[in-house]
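These notes are about the structure you will find just below.
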Amino acid sequence: MTLLVAVSGWDPAPWRRALEALLPSHPIAILGEPFDRASIRYAVSWRHPPGALGALPNLEAIFSLGAGVDHVFADPALPDKPIVRIVDPDLTERMSEWVVMHALVHLRQLRRYERQQRERVWADDDEQPKAGDVQAGVLGLGVLGQDAAAKLKTLGFKVAGWSASPKSLPGIACFSGRDGLERLLMQTDILVVLLPLTEATRGIVNASLLAELRQGGPLGGPILISAGRGSLQVEADILAALDSGALKGASLDVFEREPLPRESRLWTHPAVYVSPHNAAVSSPRAIAAFVARQIEAYERGEPLVHLVDRRRGY
Ligand SMILES: NC(=O)c1ccc[n+]([C@@H]2O[C@H](COP(=O)([O-])OP(=O)(O)OC[C@H]3O[C@@H](n4cnc5c(N)ncnc54)[C@H](OP(=O)(O)O)[C@@H]3O)[C@@H](O)[C@H]2O)c1
């Protein structure tokens with residue numbers, strides 16, 4: 001009945017504490033400390049080292065400690081066991097806060113007014129578009145994309161979204177497939193990227209995608225808001241589009257290399273907002289509670305939910 005905490009780059013101690021408190025009848029083992037491999041029934045993973053989940057003869061399920069599971073699939077020796085990903089309102093609400101904040105930051109030209117304040121300039125010469133003049137396009141209409149799309153809609157933005165399979169969502173123009181992507185991009189002023197990283201989506205935010213965004217528009221050019229995974233984007237293409245004016249601004253939470261290297265021009269580009277991959281970081285307590293609820297339900301004989309489709313990679 002033991003649960004293995006298999007994380008790299010994170011301190012395992014808060015996870016041990018949170019899981020012990022919630023699942024007192026399950027011993028907790030930590031990867032890197034001695035443990036009995038045969039005792040492990042569940043593993044919780046954040047970037048576990050490749051091969052670390054092999055040779056666990058009684059492993060029944062793997063829980064990703066993030067909503068994205070590309071880090072789990074990075075293990076070429078991943079055992080063929082069900083993979084459960086985090087779906088938690090705590091995380092979803094945080095992501096939507098971040099997306100909405102950045103949509104408004106660009107809509108209301110926060111950087112300009114911060115500069116004006118620093119320079120004690122009183123200038124009110126621009127016409128301000130309102131949210132209802134602006135078309136947002138959300139790539140990825142999953143748990144996070146749907147919530148962000150609905151909240152952008154509530155603020156008055158016109159909202160469209162794109163997913164792998166066709167969808168019908170109230171008040172959101174839904175697109176799918178390659179043609180659907182083109183149709184969405186050509187009308188989009190603010191592009192929100194909330195896709196998972198898979199072989200089909202790697203590098204999708206590149207020069208040719210950015211070139212398809214609506215030019216001009218009420219914001220003077222398209223805006224990119226990206227919080228899926230860094231490897232969805234080609235940062236050299238984003239910088240080139242910002243430099244040429246094909247992109248008016250960007251808010252980036254995820255990067256091809258994390259931490260973002262100090263020499264990256266994204267840090268200092270005047271049209272870019274950088275955040276350290278924390279658009280939606282849930283507390284170990286909230287995520288551990290999700291894992292504990294799932295394990296308790298599973299042990300009552302209920303099926304695991306939010307299972308990852310290995311074929312699709314998300
Ligand atoms: N920055 C952060 O702090 C942070 C935090 C949490 C998560 N994330 C990232 O956010 C991602 C999305 O999370 P989620 O919970 O919303 O995932 P999700 O529920 O699995 O939704 C993924 C969405 O992307 C669509 N999609 C996948 N592959 C596609 C493709 N090739 N073409 C078109 N659409 C495609 C899916 O289409 P269908 O609906 O048709 O399947 C679905 O709508 C995660 O994978 C993770 O990388 C980032």
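Ligands are counted one by one from 1 in listed order, and the atoms in each one are counted from 1 as well.
Legend: side-chain hydrogen bond (donor to acceptor under 3.5 Å, both in side chains) pairs involving residues 207-228, not counting sequence neighbours, sorted by first then second residue: Arg178-Glu212, Asp189-Arg214, Asn206-Ser208, Ser226-Gln233.
Here the options are Val159, Ile172, Ile190, the test is side chain to side chain contact (heavy atoms under 4.5 Å, CB included), and the partner is Leu152; only Val159 passes.
In terms of protein heavy atoms, atom 24 (O) of ligand 1 is closest to Pro196 CD, 3.3 Å. Protein heavy atom in closest approach to atom 28 (N) of ligand 1: Tyr314 CE2, 3.6 Å. Protein heavy atom in closest approach to atom 10 (O) of ligand 1: Leu144 CD1, 3.6 Å. The shortest contact between atom 11 (C) of ligand 1 and any protein heavy atom is with Leu195 O, 3.6 Å. Nearest protein heavy-atom neighbour of atom 18 (P) of ligand 1: Arg85 NH2, 3.3 Å. For atom 3 (O) of ligand 1, the closest non-hydrogen atom of the protein is Ala280 N, 3.1 Å. Protein heavy atom in closest approach to atom 21 (O) of ligand 1: Gly142 CA, 3.1 Å.
The shell of residues lying under 4.0 angstrom from ligand 1, judged by heavy atoms, excludes Gln146. Residue contact annotation: Leu141 has a non-hydrogen atom under 4.0 Å from ligand 1.
The shortest N or O to N or O distance between Leu194 and ligand 1 is not under 3.5 Å. Taking any N or O of Lys167, backbone or side chain, at least one lies under 3.5 Å from an N or O belonging to ligand 1. When only interatomic distances are considered, the shortest N/O to N/O separation between Asn278 and ligand 1 does not fall below 3.5 Å. Note: an N/O pair closer than 3.5 Å links Asp253 and ligand 1 by distance alone. Between Ala227 and ligand 1, an N or O atom pair is found at a separation short of 3.5 Å. Backbone and side-chain nitrogen or oxygen atoms of Gly140 are examined, and none is located within less than 3.5 angstrom of a nitrogen or oxygen of ligand 1. Ligand 1 has a nitrogen or oxygen under 3.5 angstrom from a nitrogen or oxygen of Gly228.
No side-chain donor-acceptor contact under 3.5 Å links Arg183 and Gln187. A donor-acceptor pair shorter than 3.5 Å cannot be found between the side chains of Thr2 and His26. Between the side chains of His106 and Ser251, at least one donor N or O sits under 3.5 Å from an acceptor N or O.
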Give the C-alpha distance, both sets of side-chain angles, the deciding distance and a yes or no for ring-ring contact (aromatic ring centres under 6.0 Å, His included) between His102 and Tyr273. CA-CA 9 Å; His102 282 282; Tyr273 288 87; 5.6 Å; yes
Counting only pairs under 3.5 Å, give me each side-chain donor-acceptor contact of residues 10-22, with atom names and distances, residues two or more places apart or in other chains.
from, atom 1, to, atom 2, distance (Å)
Asp11, OD1, Ala13, N, 2.9
Arg16, NH2, Glu33, OE1, 2.9
Arg16, NH2, Glu33, OE2, 3.1

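Closest heavy-atom approach to atom 6 (C) of ligand 1 within the set Asp309, Asp70, Leu91, Val69: this belongs to Leu91.
Looking only at distances, no side-chain donor or acceptor of Asp90 sits under 3.5 Å from a matching main-chain atom of Ala286.
With a heavy-atom cut-off of 4.0 Å, Leu181 does not touch ligand 1 at all.
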